[in-house]
Amino acid sequence: CEFIRRDPSKTWLLYVAFNAPHGPLQATEKYLRRFAHIADEQRRTYTAMVSALDDAVGTILTELRTQGQEDNTLIFFLSDNGGPLGRNGSLNTPFNGEKGYMLEGGLRTPYLVQWKAGLPAGKTYDHPVSSLDISATALAAAQTQAPTNLDGVNLLPYPKGEQTGDPHPALYWRMKARNTWAIRMG
């Protein structure tokens, strides 16, 4: 929030990487009390950590509103992977698989985008996208030409209805440590 207040006249990029709900599982009593009804201690702590993350994101959004910057700020919220089942209380239901595996439970995550001045509200886009699309999308929003060798696609035309279909004919994943690969087409 201090960064957002620094100089509202300048264009800026803020990358906020939360470690929650990654391990170690730790939550304050304030958040644990919110979920006292959850009997499983691991699940209760995980849920408390997600709630703390939600509050922190809310604090950032409130600061953007307070500074009059929310409407013209392009915001991405996403996770890097699905949860590791059995180790931290996470659930990937209804998907099969978990963190580190090339199944939907390991690869499919929330991906939310908000830009009140540039995108329609309340749209759901049903085609797969990638975190690699953030750079191309942010550069397009800033009206800056993306390098030709940049991975990712400018997603802005899709929720605006200017372009239809799938921005990626295929998506590719590779995990060298496990010697596994996946390709999704369609």
Side-chain angles (χ1 to χ4, degrees), residues 1-7 11-67 69-70 73-115 125 128-139 141 150-152 155 171-182 184:
C1 291
E2 181 182 324
F3 176 84
I4 293 168
R5 288 189 291 268
R6 279 190 191 162
D7 188 350
T11 301
W12 48 267
L13 171 95
L14 177 62
Y15 174 74
V16 182
F18 291 92
N19 66 336
H22 287 82
L25 291 181
Q26 298 173 332
T28 63
E29 281 303 315
K30 169 186 171 181
Y31 290 101
L32 289 169
R33 278 193 302 273
R34 287 184 184 177
F35 302 97
H37 62 282
I38 298 176
D40 180 282
E41 183 180 348
Q42 196 175 51
R43 180 70 183 161
R44 181 175 53 250
T45 305
Y46 176 86
T47 305
M49 291 171 71
V50 171
S51 184
L53 179 142
D54 187 52
D55 284 355
V57 170
T59 299
I60 293 168
L61 292 173
T62 298
E63 187 63 35
L64 287 170
R65 275 183 221 114
T66 300
Q67 298 302 320
Q69 294 187 43
E70 182 183 27
T73 299
L74 176 60
I75 301 166
F76 292 89
F77 179 87
L78 61 147
S79 180
D80 57 346
N81 50 250
L85 302 178
R87 296 192 298 269
N88 75 345
S90 61
L91 298 172
N92 298 326
T93 308
F95 305 118
N96 187 21
E98 63 178 295
K99 176 180 180 172
Y101 290 89
M102 300 298 158
L103 299 167
E104 276 195 294
L107 300 174
R108 189 170 173 173
T109 65
Y111 192 113
L112 294 92
V113 181
Q114 174 182 297
W115 185 22
Y125 184 70
V129 296
S130 166
S131 59
L132 295 174
D133 298 328
I134 292 173
S135 294
T137 303
L139 288 168
L150 183 68
D151 288 330
L155 298 176
L171 287 172
Y172 304 87
W173 294 269
R174 176 180 67 173
M175 182 177 270
K176 290 176 89 172
R178 287 212 170 116
N179 199 29
T180 59
W181 299 267
R184 177 180 173 153

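Leu171 is linked by a side chain to side chain contact (heavy atoms under 4.5 Å, CB included) to Pro128, Ser130, His168, Trp173, counting only residues two or more places apart in sequence or in another chain. Every residue meeting the side-chain hydrogen bond (donor to acceptor under 3.5 Å, both in side chains) condition with Asp7, not counting sequence neighbours, appears here in chain and number order: Ser9. Remark: Ser90 engages Asn88 in a side-chain hydrogen bond (donor to acceptor under 3.5 Å, both in side chains) (not counting sequence neighbours). Scored by the ring-ring contact (aromatic ring centres under 6.0 Å, His included) test, Tyr125 finds His127, Tyr158 as partners (sequence neighbours excluded). Among residues two or more places apart in sequence or in another chain, the salt bridge (Lys or Arg N to Asp or Glu O under 4.0 Å) test is passed with Arg5 by Glu63. For Gln26, the side chain to side chain contact (heavy atoms under 4.5 Å, CB included) partners two or more places apart in sequence, or in a different chain, are Pro24. In this view, Arg43 satisfies the salt bridge (Lys or Arg N to Asp or Glu O under 4.0 Å) rule with no residue, not counting sequence neighbours. For the side chain to side chain contact (heavy atoms under 4.5 Å, CB included) test, residues two or more places apart in sequence or in another chain that qualify with Val113 are Leu74, Phe76, Tyr111, Leu119. Every residue was checked against the salt bridge (Lys or Arg N to Asp or Glu O under 4.0 Å) condition with Glu41, not counting sequence neighbours, and none meets it. Contacts of Arg34 classified as side chain to side chain contact (heavy atoms under 4.5 Å, CB included), with partners at least two apart in sequence or in another chain: Lys30, Tyr31, Ser51, Asp55.
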Just list the side-chain donor-acceptor pairs under 3.5 Å for residues 92-106, sequence neighbours left out, or say none.
{"from": "Asn92", "atom 1": "OD1", "to": "Gly83", "atom 2": "N", "distance (Å)": "3.0"}
{"from": "Asn92", "atom 1": "ND2", "to": "Gly83", "atom 2": "O", "distance (Å)": "3.0"}
{"from": "Asn92", "atom 1": "ND2", "to": "Gly97", "atom 2": "O", "distance (Å)": "3.2"}
{"from": "Asn92", "atom 1": "ND2", "to": "Gly105", "atom 2": "O", "distance (Å)": "3.2"}
{"from": "Glu98", "atom 1": "OE1", "to": "Leu85", "atom 2": "N", "distance (Å)": "3.0"}
{"from": "Glu98", "atom 1": "OE1", "to": "Arg87", "atom 2": "NH1", "distance (Å)": "3.4"}
{"from": "Glu104", "atom 1": "OE2", "to": "Arg108", "atom 2": "NH1", "distance (Å)": "2.9"}

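We find the OG1-CG distance between Thr73 and Leu14 to be 9.5 Å, quoted to the nearest 0.5 Å.
Among residue pairs with one or both ends in residues 11-30, those qualifying as ring-ring contact (aromatic ring centres under 6.0 Å, His included) are Phe3-Trp12; sequence neighbours excluded.
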